Amino acid sequence: MLGRPDITSFALGQPAPELFPVEAFIKASREVLASNPGALSYNLPLKSLKAHIVQLMAMRGVVCNESQIVVTTGAQQAMAIVSSLLLNRGQQLLVEEIIYEGIQLAVRPNEPEILTVPTDLETGMDTEEVEWLLRKGSNPAFIYAIGDGHNPLGVTLSYEKREHLVRLAQRYGVPILEDDVYGLLHYEGKPVSPMRAMDERMVFYAGSFSKILAPGLRIGWLVAPEETVPLLSSLKYGNDIDTSTFSQQVTCAYLASGGFPEHVKLLCEEYRIRRDAMATSIAEHFPDCVRVVVPSNGMFMWLELPTHLDALELLRFAIEAERVGFMPGVAFAVTGAERASHSIRLSFPNCPAPQIREGIARLGRIVKASCS
Ligand SMILES: Cc1ncc(COP(=O)(O)O)c(C=O)c1O
């Protein structure tokens with residue numbers, strides 16, 4: 001329903017389709033097919049793509065080499081194979097109490113006991129609480145953390161907390177799965193390096209081209225502790241044999257053309273405009289009692305409404321009366337996240353600024369009416 005054309009939807013984590021580098025991909029596809037029909041075969045992971053990923057990781061402040069990289073079918077598969085590697089059936093897993101639903105789905109086959117910690121909306125995951133859980137004997141298979149552009153909370157994990165989490169991982173021997181699919185979508189301030197830059201033994205880093213090129217490519221990657229790469233590669237192989245060779249080759253040809261850094265710059269400029277349009281319109285049209293997290297990275301704005309409001313009910317009104325959609329916070333709640341029931345996630349990259357302003361004005365009417 002949220003994909004209906006008559007609805008202004010702030011629901012989905014879709015990048016702006018009009019900014020996909022279509023012409024460059026048409027050119028890259030032609031080049032690949034003309035020079036190498038084997039691009040349509042099964043193949044080994046492309047070494048030249050790994051070399052580009054090493055360069056891209058350097059843009060994130062992470063030094064790594066090709067033998068630490070596993071190319072995956074999106075970051076989603078990266079999460080699934082790390083879970084297969086680290087998580088035994090029924091074992092504990094540590095996540096934030098409001099978190100990307102994809103990790104919850106990736107671990108579900110192993111039926112873990114999920115431990116949760118709260119998140120501070122300014123500094124990120126409560127690492128003191130992580131320490132308390134570990135000190136009192138919890139033994140999670142891994143800790144899942146999003147450093148930048150948290151989905152759905154928008155918050156950036158502070159440098160101090162990254163250091164603290166890495167120290168805890170080292171002291172208690174609990175690996176971290178660091179999800180950094182939004183790391184390069186950065187809008188202001190000095191970027192903070194991922195935790196992988198602090199430790200290459202305990203941190204499994206998941207990256208993706210989905211948000212910075214196009215999700216339809218289905219290319220992600222892991223930068224993993226080197227000794228785990230053979231096992232992760234065979235888990236990946238058992239899962240889907242290959243990440244589309246054609247997609248890898250075309251992406252590689254595109255990256256070799258040199259346009260990627262400019263493309264990321266363009267995305268950041270345009271998404272910053274959309275983010276600002278959303279934040280300004282919220283300030284104008286929403287009542288003061290709504291708390292807003294304006295992110296410096298990523299795609300999402302998190303809004304906490306007065307506690308008596310039910311975000312699911314609000315969604316129904318918003319669609320029926322004003323044809324505006326969003327994700328209710330409960331979609332991301334693991335356990336005990338009471339605040340999720342009166343919160344909403346808005347995605348800003350997917351609509352141009354004028355449509356954002358109009359949609360937020362309409363949504364503001366619904367929120368105001370519900371608050372009064
Ligand atoms: C935090 C987070 N991690 C991973 C993914 C999945 O990315 P991919 O398309 O690379 O599988 C998403 C997609 O929305 C996401 O928001």
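Computed from a prediction, not measured in an experiment: that's the story for all the values here. Numbering of ligands and ligand atoms starts at 1, following listing order.
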Engineer: Go through it in stages, so that I can follow the logic: the residues are Met79 and Leu177, the test is side chain to side chain contact (heavy atoms under 4.5 Å, CB included), and I'd like the CA-CA distance, side-chain angles, deciding distance and then a yes or no.
Structural biologist: CA-CA 8 Å; Met79 291 190 268; Leu177 171 54; 4.0 Å; yes
Engineer: Check each N or O atom of ligand 1 against all protein N or O atoms and list the pairs under 3.5 Å, with atom names and distances to 0.1 Å, one per line.
Structural biologist:
{"unit_1": "ligand 1", "atom_1": "3 (N)", "unit_2": "Asp179", "atom_2": "OD1", "d": "3.3"}
{"unit_1": "ligand 1", "atom_1": "3 (N)", "unit_2": "Asp179", "atom_2": "OD2", "d": "2.6"}
{"unit_1": "ligand 1", "atom_1": "9 (O)", "unit_2": "Ser210", "atom_2": "OG", "d": "2.6"}
{"unit_1": "ligand 1", "atom_1": "9 (O)", "unit_2": "Arg218", "atom_2": "NH1", "d": "2.8"}
{"unit_1": "ligand 1", "atom_1": "10 (O)", "unit_2": "Ala75", "atom_2": "N", "d": "2.7"}
{"unit_1": "ligand 1", "atom_1": "10 (O)", "unit_2": "Ser208", "atom_2": "OG", "d": "2.6"}
{"unit_1": "ligand 1", "atom_1": "10 (O)", "unit_2": "Ser210", "atom_2": "OG", "d": "3.2"}
{"unit_1": "ligand 1", "atom_1": "11 (O)", "unit_2": "Ala75", "atom_2": "N", "d": "3.1"}
{"unit_1": "ligand 1", "atom_1": "11 (O)", "unit_2": "Gln76", "atom_2": "N", "d": "2.9"}
{"unit_1": "ligand 1", "atom_1": "11 (O)", "unit_2": "Arg218", "atom_2": "NH2", "d": "3.0"}
{"unit_1": "ligand 1", "atom_1": "14 (O)", "unit_2": "Lys211", "atom_2": "NZ", "d": "2.8"}
{"unit_1": "ligand 1", "atom_1": "16 (O)", "unit_2": "Asn151", "atom_2": "ND2", "d": "2.8"}
{"unit_1": "ligand 1", "atom_1": "16 (O)", "unit_2": "Tyr182", "atom_2": "OH", "d": "2.6"}

Engineer: Holding to side chain to side chain donor-acceptor pair (under 3.5 Å), I want the full list of residues that pass it with Glu188, two or more places apart in sequence or in another chain.
Structural biologist: Arg275
Engineer: Kindly write out the residues that satisfy side chain to side chain donor-acceptor pair (under 3.5 Å) with Glu66, not counting sequence neighbours, or none if the list is empty.
Structural biologist: Lys47
Engineer: Applying salt bridge (Lys or Arg N to Asp or Glu O under 4.0 Å), which residue pairs with at least one partner in residues 222-241 are found, sequence neighbours left out?
Structural biologist: Lys236-Asp240
Engineer: Ring-plane angle category for Phe25 and Tyr254, please: parallel below 30°, perpendicular beyond 60°, tilted otherwise.
Structural biologist: parallel
Engineer: Centre of Phe300's six-membered ring, under 6.0 Å away, within 45 degrees of the axis: is that where NZ or CZ of Arg345 sits?
Structural biologist: yes
